[in-house]
Amino acid sequence: MAKPNANNSLVGSMEEIRRIFNKFDKNGDGRISSNEVIQSLGELGTKLSNDDVQCMMQEFDKDGDGYIDLDEFVDFIQRGGLDGGGGDAPSGGNKELKDAFDMYDIDKNGLISASELHAVMKILGLKCKLSDCTKMIRQVDQDGDGNVNFEEFKKMMSNGLV
């Protein structure tokens, strides 16, 4: 996958982001509910607990209204990209990277497995095989445990591997 530049998010153009958003917005009301997330993930073959879905909603839902609107969706996608790394911002970039890491760390064990990376990429509408995710994990798995910790994640994001 091509390395994103400062003007692109991880998923590419605004049209692509809007298309992904619309896939999740089942009733077309311009916002995504937790039920729509559950339904969409079910269609993708991904089963998450209600707690996992609520954590995911909190990551996206910045105004706290219980829904994800397009602006929040776009903001989250862009914060998960290289822009979110904020090379010049000493602490702000780490917070945004930590938020992105937490979204990938579905089981909240402090590590991202290949299956978690694969699940989130599917959620975002990115076409990626589990074997590709395993390769990405291996590229930055410095301690050889088969997972990515936060420090390895920061390196992965700064190298544009996701």
*Answer whether the closest heavy-atom distance between the side chains of Asp69 and Asp63 falls below 4.5 Å.*
yes
*With the side chain counted from C-beta on, respond yes when Glu152 and Asp143 share a heavy-atom pair under 4.5 Å apart, and no when they do not.*
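Side chain of Glu152 against side chain of Asp143, heavy atoms only: contact under 4.5 Å found.
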*For residues Lys23 and Lys26, report the shortest heavy-atom separation together with the two atoms involved.*
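Heavy-atom minimum between the residues: O-NZ, 3.2 Å.
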_Closest non-hydrogen atom pair, Ala114 against Cys133_ =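 Minimum heavy-atom contact is O-CB, 3.7 Å.
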To the closest 0.5 Å, what do you measure between [atom1] ([X]) and [atom2] ([Y])?
X      : Y      : atom1 : atom2 : answer
Ser113 : Asp145 : OG    : CG    : 10.5 Å
Ile68  : Glu36  : CD1   : CD    : 9.5 Å
Phe73  : Asp75  : CZ    : CG    : 11.5 Å
His118 : Ile106 : NE2   : CD1   : 11.0 Å
Ile17  : Asn22  : CD1   : CG    : 12.0 Å
Glu72  : Phe60  : CD    : CZ    : 10.0 Å

*Set of residues satisfying side-chain hydrogen bond (donor to acceptor under 3.5 Å, both in side chains) with respect to Ser34, sequence neighbours excluded*: none
*For Lys135, check side-chain hydrogen bond (donor to acceptor under 3.5 Å, both in side chains) against everything at least two apart and list the hits.*
none
*Worked check of side chain to side chain contact (heavy atoms under 4.5 Å, CB included) between Ile112 and Val120*: CA-CA 10 Å; Ile112 301 171; Val120 173; over 6 Å; no
With a 4.5 Å cut-off on side-chain heavy-atom distances among I, L, V, M, F, W and Y, is there a chain of contacts connecting [X] to [Y]?
X      : Y      : result
Val148 : Leu111 : no
Ile32  : Tyr67  : no
Phe101 : Met57  : yes

Please confirm whether the backbone N or O of [Y] pairs with a side-chain atom of [X], one donor and one acceptor, at under 3.5 Å?
X      : Y      : result
Asp132 : Met136 : no
Asp105 : Asn109 : yes
Asp61  : Asp65  : yes

_Within 6.0 Å of NZ in Lys108, more than 12 heavy atoms from elsewhere_ =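 Enclosed.
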